[in-house]
Colleague: 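Here's a structure for you.
This one's a predicted model, so the numbers in the text were calculated from it and none came from an experiment. We count residues from 1, following the sequence as given.
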Amino acid sequence: MGLPKDKIDGICMDGSIHDIGGMSVPAELLSKPTKLSELELSLIKEHANKGFEIMKNQSKTKQALIQELSSLRQMIEELEQSESKWKEEREELIKRETRFRSYFNSHLHGIAITSPENKWVQVNDRICSIMGYSRDEIIRMTWSEMTHPDDITADLAQFERVLSGQIDYYTMNKRFIRKDGKVVWTNLSVECVRKSDGSVDHIIAMVDDITSVKLAEKALQESEDRYRRLFENANEAIFVAQDGKLVFLNPVTSQLIGYSSEELMRRSFLDFIHPDDQNLVIGNYLKRLKGEDFQPRYTFRYLDKNGAIHWMEIGAVRIEWAGRPATLNFCTDITDRKRVEEALRESEMKYRLVVDNMVDVITITDMNLRFTYVSPSIMRLRGFTVAEVMEQTLEQVMTPESLQIVAKAFEEEMKLDAGGTVDPLRSLILELEQYRKDGSIVLIESHMSFLRDEAQKVVGIISLNRDITDRKQAEEKIRQLAYHDTLTGLPNRKLFSDRLGIALAQAQRNQKGVAVTMIDLDNFKDVNDTLGHDVGDLLLKAAAARLSAALRKGDTVARFGGDEFVLILPDLKGIEDVIQVAQKIVDSFRTPFLIDTHQLIVTTSIGIAVYPHDGTDNDILLKNADKAMYQAKQTGRDQYQLCKEA
């Protein structure tokens with residue numbers, strides 16, 4: 001090769017070069033690990049072999065060998081640069097793929113890849129959440145199968161335009177049918193990815209759930225429709241006034257004044273106001289616009305198209321209309337009410353002397369149930385002055401329950417009146433609760449008659465009100481004495497019998513059991529004999545209270561006399577319900593009673609008869625319960641005993 005042996009040793013067979021002919025070649029240049037293709041390695045080996053061949057044949061000089069190795073070094077550097085560039089491109093591709101996967105797996109948007117045959121190819125979790133299907137279920141379906149029938153035609157039309165090459169992108173709102181059958185509104189964005197020949201390779205679809213937005217839009221539309229209907233069908237005249245003119249009004253406004261909407265909106269609002277009331281209307285209108293204090297509702301006279309005078313009650317609020325201040329007005333024609341009020345005033349003059357000296361209270365209300373007259377005797381009945389009551393609403397006068405009674409009676413009267421079947425002389429007698437000024441409640445008997453005009457149309461209510469508090473208290477006391485035990489306040493035998501009859505009837509309908517339980521206090525006679533009847537009475541009261549505390553809601557405890565108590569236990573599902581109550585009573589009576597300074601232990605003997613097994617009527621059940629109670633006494637007392645015979 002023309003080189004000394006120590007120089008030849010500088011060339012390694014693995015391609016690393018340490019020193020050649022006095023020229024140092026860095027070993028890392030050739031030994032640096034790289035990922036080279038088989039072709040690149042083949043080229044390197046080929047050039048290396050040539051180098052070795054040259055040295056073998058000693059056909060080249062040392063300078064030629066150095067040039068060959070320099071050429072080889074340059075080639076290796078170029079290959080390394082090529083690989084470095086390839087690595088950079090590959091890393092960028094990996095970053096892009098990572099970003100895509102991150103976006104694809106995002107829960108912000110539903111993203112899917114579909115085929116030209118409408119099939120789902122790949123979907124993210126958000127798509128599954130929107131559709132309600134698992135990923136495996138979706139992949140086996142076409143998106144056409146999941147599209148709402150009413151939206152499929154429009155969607156397919158756009159999709160066909162994509163397939164035919166007319167468009168590459170479209171967006172639309174469409175509905176899908178979820179797996180659970182619910183409809184979900186979505187905003188769909190579709191973009192086509194084509195092959196080099198222009199045919200469709202795949203479709204990328206972005207799906208956003210806009211169901212809540214659609215529901216909100218629907219609710220808003222329904223709200224607008226509802227308020228439009230209310231506005232157009234309201235019984236009141238409703239209009240917007242701005243710069244002294246009507247700029248918006250409902251049909252009732254035209255009906256009341258007699259002009260068409262176009263005629264009203266071309267003229268000044270003051271043209272329809274009675275001359276004597278124009279300053280009143282203008283003053284309130286300006287106060288509203290300026291935000292000053294004003295009378296919220298007031299009345300004025302207006303002129304219709306024929307020049308006739310009518311009365312109007314108006315309420316208004318300040319609003320912005322087309323960016324400028326205006327007033328929204330609510331008006332009611334009260335001409336009929338004014339006529340009635342005038343008639344009532346004339347009538348009042350005739351009967352004032354009589355009414356002012358009556359004990360009973362006379363009130364008159366209009367069709368809005370507002371007081372138009374209250375007699376002075378209201379002071380004795382409720383403690384309020386006439387002026388105070390005239391400012392009160394019925395909600396301030398009556399309890400809610402009584403207000404419902406009056407409202408129902410008024411509604412029924414209006415139905416009869418509308419049907420033409422009402423008796424003009426008909427009156428109602430209602431028992432109502434009213435508030436006194438001190439907050440207490442007075443019970444009154446109100447005789448109500450409906451005031452009518454010449455056409456027999458109801459225009460108001462006149463009532464004669466009498467305090468019946470004392471009478472009702474007396475009646476309640478009589479009823480209490482008739483149905484309750486005077487010592488303990490518990491139901492007596494008569495009330496017990498009524499309740500047992502009701503319980504048995506309900507049990508027969510509901511196929512449930514009813515227990516009748518007789519209870520006797522053990523050794524009660526000894527208490528009376530040793531400590532006296534006063535202590536015995538106190539013990540009976542305490543026993544009644546303890547029995548009541550041991551019962552379920554809906555149970556009844558009654559006293560038949562002496563130390564004998566009887567229970568009704570309805571709605572039984574099984575005998576265990578009765579045993580549980582009976583054992584609770586037995587256990588509770590083992591705790592001593594503290595009566596005055598005495599600690600008394602009085603146990604109980606309890607007999608139980610159950611409907612229908614032990615009897616189907618009051619008498620048989622009571623008889624069998626009584627037998628069972630005596631069996632309990634005979635077997636040791638302080639226990640309960642079930643009836644042993646049917």
Colleague: For the CD1 atom of Ile608 and the CG atom of Leu569, what is their distance to the nearest 0.5 Å?
Modeller: 8.0 Å
Colleague: In sequence, state the C-alpha distance, the side-chain angles, and the governing distance for Phe239 and Phe330, and then conclude on ring pair (Phe, Tyr, Trp, His ring centres under 6.0 Å).
Modeller: CA-CA 7 Å; Phe239 58 87; Phe330 302 88; 9.1 Å; no
Colleague: Heavy-atom count around Asn279 CG within 6.0 Å, excluding the residue itself: above 12?
Modeller: no
Colleague: Under 3.5 Å, is there a donor-acceptor pair between the side chain of Gln242 and the main chain of Arg324?
Modeller: yes
Colleague: How close do Pro491 and His484 get, counting heavy atoms only, and between which atoms?
Modeller: N-CD2, 3.9 Å
Colleague: Do you know which two heavy atoms are closest between Leu249 and Ser261, and how far apart they sit?
Modeller: CD1-OG, 3.3 Å
Colleague: Between the main-chain N or O of Ala409 and the side-chain N or O of Glu412, is there a donor-acceptor pair closer than 3.5 Å?
Modeller: no
Colleague: Donor-acceptor pair, Asn510 side chain versus Gln508 backbone, under 3.5 Å?
Modeller: no
Colleague: Are the side chain of Thr335 and the backbone of Trp311 linked by a donor-acceptor contact shorter than 3.5 Å?
Modeller: yes
Colleague: Would one find more than 12 heavy atoms of other residues, nucleotides or ligands at under 6.0 Å from atom CD of Glu431?
Modeller: yes
Colleague: If you compare all heavy atoms of Met518 against all heavy atoms of Asp626, which two are closest, and at what distance to 0.1 Å?
Modeller: CG-N, 3.6 Å
Colleague: Taking NZ, NE, NH1 and NH2 as the nitrogens, is one of them in Glu564 or Arg559 under 4.0 Å from a carboxylate oxygen of the other?
Modeller: no
Colleague: Which of these passes ring-ring contact (aromatic ring centres under 6.0 Å, His included) with His310: Tyr302, Phe272, Phe300?
Modeller: Tyr302
Colleague: Should Ile282 and Tyr285 count as side-chain neighbours, where that means a heavy-atom distance under 4.5 Å?
Modeller: no
Colleague: For the side chain of Asp304 and the backbone of Asn306, is there at least one donor-acceptor N/O pair under 3.5 Å apart?
Modeller: yes
Colleague: Keeping the roles fixed (side chain from Thr469, backbone from Leu443), state whether a donor-acceptor pair exists under 3.5 Å.
Modeller: yes
Colleague: Is there a donor-acceptor contact under 3.5 Å linking the side chains of Ser463 and Asn465?
Modeller: no
Colleague: Could you tell me whether the side chain of Ser377 and the main chain of Asp360 form a donor-acceptor pair under 3.5 Å?
Modeller: yes
Colleague: Is the number of heavy atoms from other residues, nucleotides or ligands under 6.0 Å of Gln580 CD greater than 12?
Modeller: no
Colleague: Tell me whether Asp366 is salt-bridged to Lys338, with the criterion being a basic N under 4.0 Å from an acidic carboxylate O.
Modeller: no
Colleague: Counting heavy atoms not belonging to Arg466, are there more than 12 under 6.0 Å from its CZ?
Modeller: no
Colleague: Examine Arg267 relative to Tyr259 and say whether NZ or CZ is less than 6.0 Å from the centre of the six-membered ring and inside a 45° cone about the ring axis.
Modeller: yes
Colleague: Can you tell me if Thr332 and Glu236 form a side-chain donor-acceptor pair at under 3.5 Å?
Modeller: yes
Colleague: Charged N to carboxylate O below 4.0 Å: is that the case for Arg345 and Glu342?
Modeller: yes
Colleague: Do any N or O atoms from the side chain of Glu433 and from the backbone of Val442 form a donor-acceptor pair under 3.5 angstrom?
Modeller: no
Colleague: Just by distance, do the side chain of Asp243 and the backbone of Lys245 share a donor-acceptor pair under 3.5 Å?
Modeller: no
Colleague: Start with the C-alpha gap between Arg382 and Gln392, add the side-chain angles, then the distance that decides, and say whether side chain to side chain donor-acceptor pair (under 3.5 Å) holds.
Modeller: CA-CA 13 Å; Arg382 296 181 55 223; Gln392 291 179 338; 3.2 Å; yes
Colleague: List for me each residue that meets salt bridge (charged side-chain N to carboxylate O under 4.0 Å, His left out) alongside Arg493, sequence neighbours excluded, and say none if there are none.
Modeller: none
Colleague: Does Ile519 reach the side chain of Val566, with side-chain heavy atoms less than 4.5 Å apart?
Modeller: no
Colleague: Do Asn618 side-chain atoms and Ser497 backbone N/O form a donor-acceptor pair below 3.5 Å?
Modeller: yes
Colleague: Do Thr488 and Asp485 meet the criterion of a side-chain donor-acceptor pair at a distance under 3.5 Å?
Modeller: yes
Colleague: Drop me the distance from Leu430's CG to Ser446's OG, to the nearest 0.5 angstrom.
Modeller: 6.0 Å
Colleague: Let's go through Thr372 and Thr365 carefully: what are the C-alpha distance in whole Å and the side-chain angles of both, what is the deciding distance for side-chain contact (heavy atoms from CB on, under 4.5 Å) to 0.1 Å, and is it a yes or a no?
Modeller: CA-CA 5 Å; Thr372 58; Thr365 58; 5.8 Å; no
Colleague: If you round to the nearest 0.5 Å, how far is CZ of Arg436 from CD1 of Ile441?
Modeller: 10.5 Å
Colleague: Counting heavy atoms not belonging to Lys525, are there more than 12 under 6.0 Å from its NZ?
Modeller: no
Colleague: So do His274 and Asp277 actually touch side chain to side chain, heavy atoms under 4.5 Å?
Modeller: yes
Colleague: Given Met629 and Asp520, is the side-chain contact (heavy atoms from CB on, under 4.5 Å) satisfied, shown in steps?
Modeller: CA-CA 8 Å; Met629 181 189 71; Asp520 189 76; 3.4 Å; yes
Colleague: For Thr253 and Ala237, work out which heavy atoms get closest and say how close.
Modeller: OG1-CB, 3.5 Å
Colleague: Should Leu369 and Ile461 count as side-chain neighbours, where that means a heavy-atom distance under 4.5 Å?
Modeller: yes
Colleague: Side-chain contact test, heavy atoms from C-beta onward, threshold under 4.5 Å: evaluate it for Met312 versus Leu256 and give yes or no.
Modeller: yes
Colleague: Please test Asp271 against Ser268 for side chain to side chain donor-acceptor pair (under 3.5 Å), starting from the C-alpha separation and ending with a verdict.
Modeller: CA-CA 6 Å; Asp271 292 346; Ser268 169; 4.5 Å; no
Colleague: Determine, step by step, whether Phe565 and Leu490 satisfy the side-chain contact (heavy atoms from CB on, under 4.5 Å) criterion, reporting the C-alpha distance in whole Å, the side-chain angles of both residues, the deciding distance to 0.1 Å, and the verdict.
Modeller: CA-CA 10 Å; Phe565 297 88; Leu490 296 177; 3.9 Å; yes
Colleague: In Å and rounded to the nearest 0.5 Å, what is the OG1 to CD distance from Thr399 to Gln404?
Modeller: 9.0 Å
Colleague: Between Leu432 and Ile405, does a side-chain contact (heavy atoms from CB on, under 4.5 Å) hold up when you go through it step by step?
Modeller: CA-CA 8 Å; Leu432 306 171; Ile405 294 173; 4.0 Å; yes
Colleague: Is any side-chain heavy atom of Ile606 less than 4.5 Å from a side-chain heavy atom of Val586?
Modeller: yes
Colleague: Go through the side-chain N and O atoms of Ser254 and Ser260 and say whether any donor and acceptor fall under 3.5 Å apart.
Modeller: no
Colleague: Tell me the closest heavy-atom pair linking Phe371 and Val389, and the distance in Å.
Modeller: CD1-O, 3.5 Å
Colleague: Check Thr299 against Leu280 and note the closest heavy-atom contact, atom names and distance.
Modeller: O-CD2, 3.5 Å
Colleague: Can you check whether Phe410 reaches Met367 side chain to side chain, under 4.5 Å on heavy atoms?
Modeller: yes
Colleague: For the CD atom on Gln396, are there more than 12 heavy atoms of other groups (residues, nucleotides or ligands in this structure) within a distance under 6.0 Å?
Modeller: yes
Colleague: Quick one: are Val240 and Leu246 in side-chain contact, heavy atoms under 4.5 Å?
Modeller: no
Colleague: Quick test of your reading of the model: are Asp619 and Lys623 salt-bridged, counting only N-O distances below 4.0 Å?
Modeller: no
Colleague: Which pairs would a plain distance check flag for residues 535-553, meaning a side-chain donor or acceptor within less than 3.5 Å of a matching protein atom at least two apart in sequence or in another chain?
Modeller:
unit_1: Arg546; atom_1: NH1; unit_2: Ser588; atom_2: O; d: 2.9
unit_1: Arg546; atom_1: NH1; unit_2: Thr591; atom_2: O; d: 2.7
unit_1: Ser548; atom_1: OG; unit_2: Ala544; atom_2: O; d: 3.0
unit_1: Arg552; atom_1: NE; unit_2: Asp555; atom_2: OD1; d: 3.3
unit_1: Arg552; atom_1: NE; unit_2: Asp555; atom_2: OD2; d: 3.0
unit_1: Arg552; atom_1: NH2; unit_2: Asp555; atom_2: OD1; d: 2.9
unit_1: Arg552; atom_1: NH2; unit_2: Pro570; atom_2: O; d: 2.8

